[in-house]
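Just so it is clear, the values below take in all heavy atoms, side chains as well, and ignore hydrogens, waters and symmetry mates. By convention in this document, chain letters (A, B, ...) are assigned in the order of the sequence lines, proteins followed by strands, and residues within each chain are numbered from 1. None of the values given here were measured: they were computed from a predicted structure.
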Amino acid sequence: MNVKNTATSIAVHLDNVSRHFGSVRALDGITLEIEDGEFFSMLGPSGSGKTTCLRLIAGFEQPSGGKILLHGKNVVGVPPYDRDVNTVFQDYALFPHMTVAENVGYGLMIKKVPKPDRERRVQDMLEMVRLPQMAGRKPSQLSGGQRQRVALARALINHPSVLLLDEPLGALDLKLRQEMQIELKAIQQRVGITFIYVTHDQEEALTMSDRIAVFNHGKVEQVGSPAEMYERPATSFVAGFVGTSNLLQGEVARAVAGSSAAFAVRPEKIRMCPPETPVSPAECSLLGTVRDVVYLGMNTRYLIEAEGGADITVVQQNLEATSMSVLTAKGERVRLIWSRDFNRPVIVD
Amino acid sequence: MAIATASLPAAPKSPFRRVLTFFYNHPNLTLVMLLLLPMLWMLVFYLGSIGGLLVHSFYYIDDFSGVLQRQFALRTWSDLFTPSHFDVFLRTFSMALAVTLASAIIAFPLAYYMARYASRRMRGLLYLGVMVPLWSSYLVRVYAWKLILADEGIISWTFRSLGAQGILDAILAIPVIGGRSLSFSFLGMFLVFVYIWLPYMILPINAALERVPKSLIEASGDLGAKPGYTFRKVILPLAIPGVIAGSIFTFSLTLGDYIIPQIIGNSAPFIGLAIYRYQGSAGNLPLAAAFTVIPIVVMVVYLLLAKRTGAFEAL
């Protein structure tokens with residue numbers, strides 16, 4: 001049963017999907033729509049259900065409840081080999097007894113594509129992932145980054161309607177990971193296949209995705225574009241997981257904003273001024289003492305113990321400051337000032 | 001940093017500590033110490049005795065006096081390659097081959113279940129079940145089988161009670177593998193061999209299968225392979241080193257066994273039994289030694305072939 005493009009532009013539709021392991025609810029009734037050709041990330045901490053969600057779409061596991069539609073067709077009960085979906089595994093899962101070319105050509109071999117055609121397509125695919133010379137090697141002779149590319153080529157050669165990626169860059173070092181992020185995005189735009197990308201790295205999700213779903217405790221907290229996610233987090237969890245945020249609630253919130261409703265404010269939106277600085281009515285302000293200073297090169301992170309007991313993080317660009325000048329700030333009394341517009345009301349989880 | 005280490009008294013150097021330091025500075029000597037005993041054992045008792053066998057096979061027994069002649073000659077070897085001995089080789093190799101194939105076929109599904117599906121508790125119980133027979137005497141188990149297979153034994157009794165005596169009789173009427181009763185047939189001997197050596201096949205296959213990550217099987221299915229294809233192209237190739245390791249046990253142990261052919265079957269000689277008789281009652285030590293060389297050569301050839309198929313690369 002190959003479910004290729006039908007009229008609908010929804011590639012994957014999860015309808016109230018649950019997955020229980022005994023009494024553990026790995027997924028607790030989630031509903032998501034992923035559009036055709038989209039780079040969609042599932043972001044969340046470990047144990048949040050994002051990988052389970054991916055495995056349900058791939059067909060490695062079956063849902064305890066709900067429906068999974070691939071291009072409009074319910075695939076619950078359909079085994080992985082009958083789904084038009086391919087996966088890039090976290091550990092790459094390359095077959096150790098086969099060469100790179102045999103690994104990449106595995107899907108075509110199953111489909112009984114004639115050998116000359118198969119070899120040509122394998123070579124094309126290896127060129128796309130920039131490993132044209134590696135066809136004869138065994139996976140054990142490749143570096144981590146190269147294995148990752150082979151895994152990608154092996155999954156893409158089948159031209160699936162959806163490609164699932166399970167933390168594929170997790171085992172790579174930072175530099176290589178950043179390179180691969182850009183490359184993955186470029187490949188996705190070239191082949192036009194829907195990518196569903198599971199990661200716990202918010203920066204990775206923000207870099208590559210068209211849309212992001214933030215998972216927590218088996219539920220989806222929020223779905224939106226990276227900018228929406230960052231600028232208008234719906235919950236305190238999203239505010240804290242996507243970037244960092246200062247959460248103000250209760251008495252401190254009332255003192256600052258006039259209402260005890262919880263809100264979040266990003267550390268880079270806050271200015272650190274001398275205590276006597278005047279505050280306009282369009283601004284919020286808090287007095288406090290600098291407790292800690294972390295010099296990060298490009299910018300500096302300050303931890304301020306504010307009046308009323310809140311700990312506030314402030315990040316400032318080191319425009320004119322040097323490491324010497326910022327470190328002397330420790331212990332100083334400061335007034336924190338930010339525009340009221342940057343207060344984001346959030347639901348506290 | 002000015003931590004007051006200088007004020008601590010220097011640790012007194014005991015002789016023991018000095019010895020340790022000496023070995024720390026001479027890692028090669030440490031290696032020699034580590035390997036001395038096992039290497040001595042291997043050289044003197046293992047390779048030494050095999051060498052002794054080889055030398056002995058070139059001596060001969062004087063036909064008239066029956067006295068061992070310690071002179072180089074090929075007479076013993078030409079005695080070895082006579083038609084009646086070819087029967088012994090053929091019989092032994094066929095049995096070893098059949099036992100190995102049957103063990104592999106029985107062991108694989110169980111090993112696969114243990115590696116892939118069994119719960120931790122179930123796996124423990126199965127390991128115990130596989131190992132426990134190895135803790136009891138081999139002789140006791142073979143004699144127990146003699147009773148099980150005997151005319152009055154449980155197998156015949158079951159067939160009789162079910163009114164299926166005819167089936168058993170028909171099986172026993174088959175030439176070569178049949179016989180007077182199961183305990184006097186090659187079929188019975190085959191059953192006992194498989195029973196005795198099966199654990200040596202299960203354990204290495206299980207070890208090989210446990211090293212196959214689950215994600216490889218998922219990846220194969222994900223790329224469109226149905227379970228049978230995944231088994232042939234992924235699981236089996238990766239389990240082959242285990243099957244070969246197991247087959248080395250079952251094959252070589254069957255080749256050399258001289259107890260089972262004595263107790264079960266129709267007393268037709270097997271290589272092990274022939275060696276036992278030539279070195280014992282017949283008193284022809286050179287011929288016994290020459291007989292011993294045959295299974296050794298066969299196993300060496302088998303290992304070289306296994307190596308050529310790449311079976312050891314995936315280890």
Side-chain angles (χ1 to χ4, degrees), chain A residues 1-2 22 51 54-61 78-99 102-113 125 138-141 147 150-160 162-168, chain B residues 104 108 111-113 115-123 204-247 303 305-315:
Chain A
M1 198 179 87
N2 265 359
T51 295
L54 200 79
R55 293 176 61 80
L56 289 176
I57 298 170
F60 303 139
E61 283 168 31
V78 176
Y81 49 83
D82 280 334
R83 295 188 187 199
D84 189 17
V85 165
N86 286 129
T87 307
V88 177
F89 290 80
Q90 189 168 15
D91 62 356
Y92 315 137
L94 298 178
F95 305 123
H97 56 301
M98 298 183 196
T99 63
E102 285 166 343
N103 265 284
V104 174
Y106 191 75
L108 300 181
M109 190 111 119
I110 295 163
K111 288 183 190 147
K112 299 196 169 71
V113 174
M125 213 25 98
K138 287 278 176 73
S140 57
Q141 297 169 300
R147 285 180 208 180
V150 174
L152 184 66
R154 184 179 69 173
L156 279 175
I157 204 166
N158 291 329
H159 289 294
V162 177
L163 185 74
L164 307 173
L165 301 104
D166 185 9
E167 309 221 14
Chain B
F108 201 100
Y112 191 77
Y113 171 78
R116 191 109 289 136
Y117 298 107
S119 66
R120 185 183 289 261
R121 191 183 143 79
M122 189 54 164
R123 199 177 310 167
I205 295 181
N206 176 255
L209 285 172
E210 282 194 341
R211 281 199 298 271
V212 180
K214 194 173 148 220
S215 66
L216 291 189
I217 294 159
E218 287 179 346
S220 177
D222 185 70
L223 293 164
K226 296 190 171 57
Y229 194 91
T230 301
F231 181 79
R232 287 198 310 281
K233 295 288 178 177
V234 178
I235 299 170
L236 198 58
L238 293 174
I240 278 294
V243 178
I244 289 191
S247 70
L303 287 175
L305 285 177
K307 189 166 179 287
R308 184 173 280 191
T309 62
F312 300 117
E313 280 172 30
L315 279 175

Contact origin within [X] toward chain B - heavy atom pairs under 4.5 Å:
{"X": "Met109(A)", "result": "both"}
{"X": "Leu108(A)", "result": "neither"}
{"X": "Asn86(A)", "result": "both"}

How close do Leu223(B) and Tyr106(A) get, heavy atom to heavy atom, and via which atoms? CD1-CD2, 3.7 Å
Non-neighbouring partners of Glu61(A) that pass salt bridge (charged side-chain N to carboxylate O under 4.0 Å, His left out), sequence neighbours left out: Arg19(A), Arg55(A)
Contacts under 3.5 angstrom, residues 225-245 of chain B side chains, donor-acceptor by atom type, not counting sequence neighbours:
unit_1, atom_1, unit_2, atom_2, d
Thr230(B), OG1, Ser220(B), OG, 2.8
Thr230(B), OG1, Lys226(B), O, 3.3

Measure the CZ-CD1 distance between Phe95(A) and Ile217(B) for me, rounded to the nearest 0.5 Å. 9.5 Å
